[in-house]
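Okay, structure first, notes after.
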There are 2 protein chains.
Amino acid sequence: MRISARADYAVRAAVELAAAGDEASLKAEAIAAAQGIPHKFLEGILGDLRRGGLVVSQRGGKGGYRLARPADSIAIADVIRVADGPLVSVRGVRPPELSYCGPAESLLPLWIAVRANVRKILGEVTLAHVAAAKLPDEVLSLAEDPEAWTNP
Amino acid sequence: MRISARADYAVRAAVELAAAGDEASLKAEAIAAAQGIPHKFLEGILGDLRRGGLVVSQRGGKGGYRLARPADSIAIADVIRVADGPLVSVRGVRPPELSYCGPAESLLPLWIAVRANVRKILGEVTLAHVAAAKLPDEVLSLAEDPEAWTNP
DNA sequence: TAGTATTCCTATCGAATTACTAGGGAACTG
DNA sequence: CAGTTCCCTAGTAATTCGATAGGAATACTA
C-alpha cells in the first residue's frame with residue numbers, strides 16, 4: 001500500500017501554499033527549495049493542481065502559484081485525487097469496480113472498509129490543519145499511540 | 001494510495017489455500033485458474049510466501065502448496081508484508097523514517113494515523129475470516145455504509 | 001513603447017520499478 | 001525411469017521518477 005512521490009509532493013506543495021496565506025503567491029522554485037522537491041518535476045504537479053482547479057497561476061516577473069480556495073476548504077484527499085488519481089486503488093482500479101470469485105469474494109468489502117477508513121482521515125484533514133500543525137483530535141489520538149510508531 | 005497486483009494476487013492465493021483446508025495442498029496452476037492469475041507470475045509470488053514462512057511446498061506428482069500455520073493465525077497484513085514489503089509506505093519508505101520540514105511537519109503524524117487505521121483492519125482480519133466470508137463486525141459495519149461504496 | 005528578465009508551460013529522454021513471459025533444471029511419485 | 005510439479009534465471013513491455021531544453025506569456029525598466 002504505497003503513497004506515490006507525486007501524491008506526497010503535491011500535498012507538501014499545497015501545504016506550503018496554505019502556510020503562505022490564502023492570497024500570497026509562491027514561485028515553483030521557492031516551493032521546491034523549501035521542501036526539497038525536484039523543481040521541474042514539481043512544475044508538472046503544480047500544472048495538475050491548476051487544471052484540477054485547486055491553485056491558480058500567474059506568469060511573469062511577479063508570478064507564482066496560490067490557492068484557488070481557502071485552505072480550510074481543501075482536504076488532503078482532494079489534493080491527492082487531483083494529482084495522483086483515485087485515493088485508493090487495487091491494481092489500478094477503484095474498489096467498487098473489482099470483481100472477485102470463489103472464496104476471495106469477501107475481499108471486496110474488505111478493501112471497501114480500508115478505503116472508508118482512509119477517507120475518514122484524509123477527507124477530514126484540510127491544508128489549514130496541517131499548515132497550522134493542529135490536526136483534529138480524532139487523528140491526533142491515533143498518531144499518539146506509541147504502538148503506531150513501531151515498525152512492523 | 002495503491003495496492004499492487006503482487007499484494008492482491010498474494011492475498012487471493014493465500015485465501016484459496018485457506019479455503020482448501022489447513023492440511024490440503026493445491027497446485028500453483030489450480031490456484032491460478034481459480035483466481036484468474038497469470039500462473040508464472042503467481043509462482044514467483046508463492047516463492048516469496050514460502051521464503052517468508054507462510055506456506056510450505058512439495059515438488060512432484062502429488063506436490064503443491066499448503067499453509068504453514070492455521071488460517072486463523074495468518075492476518076492479511078502478514079501476507080502483504082511478505083509478498084510486497086511494508087504495509088504502507090510513502091515514496092517507498094516507511095512513515096517513521098520520513099522527515100518533513102517547515103509547515104509540512106504535521107504530515108508525519110498524519111501518515112502515521114493513516115497507517116494505524118489501515119493496520120487496525122488488515123492486522124485483525126485473517127485468512128480464515130475471508131475464506132469463510134465472515135468478516136469481524138467492526139469491519140463489516142464500515143463496509144455496510146452505502147456511502148463507502150460511492151466513487152469519490 | 002521597446003527590450004529584457006523572470007516565470008510558467010510543454011515535450012522529450014534515461015534510469016528504475018512493476019507486471020508479466022519463457023525455458024530449463026531440480027525434486028518427488030508411481 | 002517417466003511424468004509431474006516446484007523452482008530459478010533471464011528477458012520484455014509499460015509505467016513512474018526525475019532531469020534537461022527550449023518556447024510562450026507576463027511584468028518591470030529605460
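Protein chains get the first letters and strands the later ones, always in sequence-line order, with residue 1 at the start of each.
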Rounded to whole angstrom units, what separation is found between the [atom1] atom of [X] and the [atom2] atom of [N]?
X	N	atom1	atom2	result
A/Arg2	C/dT17	CZ	C1'	8 Å
B/Ile31	D/dT5	CD1	P	13 Å
B/Leu49	D/dC6	CG	C1'	14 Å
B/Phe41	C/dA22	CZ	C1'	15 Å
B/His39	C/dA19	NE2	P	19 Å

Less than 4.5 Å apart, any side-chain heavy atom of [X] and any of [Y]?
X	Y	value
B/Val56	B/Leu67	no
B/Arg115	B/Leu87	no
A/Glu105	B/Val130	no

So which of B/Val55, B/Val79, B/Thr126 actually passes side-chain contact (heavy atoms from CB on, under 4.5 Å) with B/Ile74? B/Val79
Within the side chain of B/Thr150, is there an N or O that forms a donor-acceptor pair under 3.5 Å with the backbone of B/Glu147? yes
Tell me the closest heavy-atom pair linking A/Gly44 and A/Arg6, and the distance in Å. O-NH2, 4.0 Å
Heavy atoms of A/Ala148 and B/Ala116 approach each other most closely as CB-CB, 4.0 Å
Would you say A/Leu140 ends up clustered with A/Val125 if hydrophobic residues are merged whenever their side chains have heavy atoms under 4.5 Å apart, either directly or through other cluster members? yes
The test is side-chain hydrogen bond (donor to acceptor under 3.5 Å, both in side chains); show your working for B/Tyr100 and A/Asp8 and say whether it passes. CA-CA 11 Å; B/Tyr100 290 114; A/Asp8 182 51; 2.6 Å; yes
Should A/Tyr9 be listed as having a side-chain N or O under 4.0 Å from OP1 or OP2 of D/dG18? yes
Stepwise side-chain contact (heavy atoms from CB on, under 4.5 Å) test for B/Leu108 and A/Trp149: CA-CA 10 Å; B/Leu108 180 50; A/Trp149 294 76; 4.0 Å; yes
Could you write nucleotides 1-13 of chain C as a row of B, S and -, 5' to 3', where a protein heavy atom under 4.0 Å of any base atom gives B, of only sugar-phosphate atoms gives S, and otherwise -? -----BSBBS---
Please report the end-to-end axis angle for the helix from C/dT1-D/dA30 to C/dG30-D/dC1, five pairs per end, rounded to 10 degrees. 10°
Stretch residues 83-103 of chain B: residues that reach within less than 4.0 Å of DNA chain D through a heavy atom: none
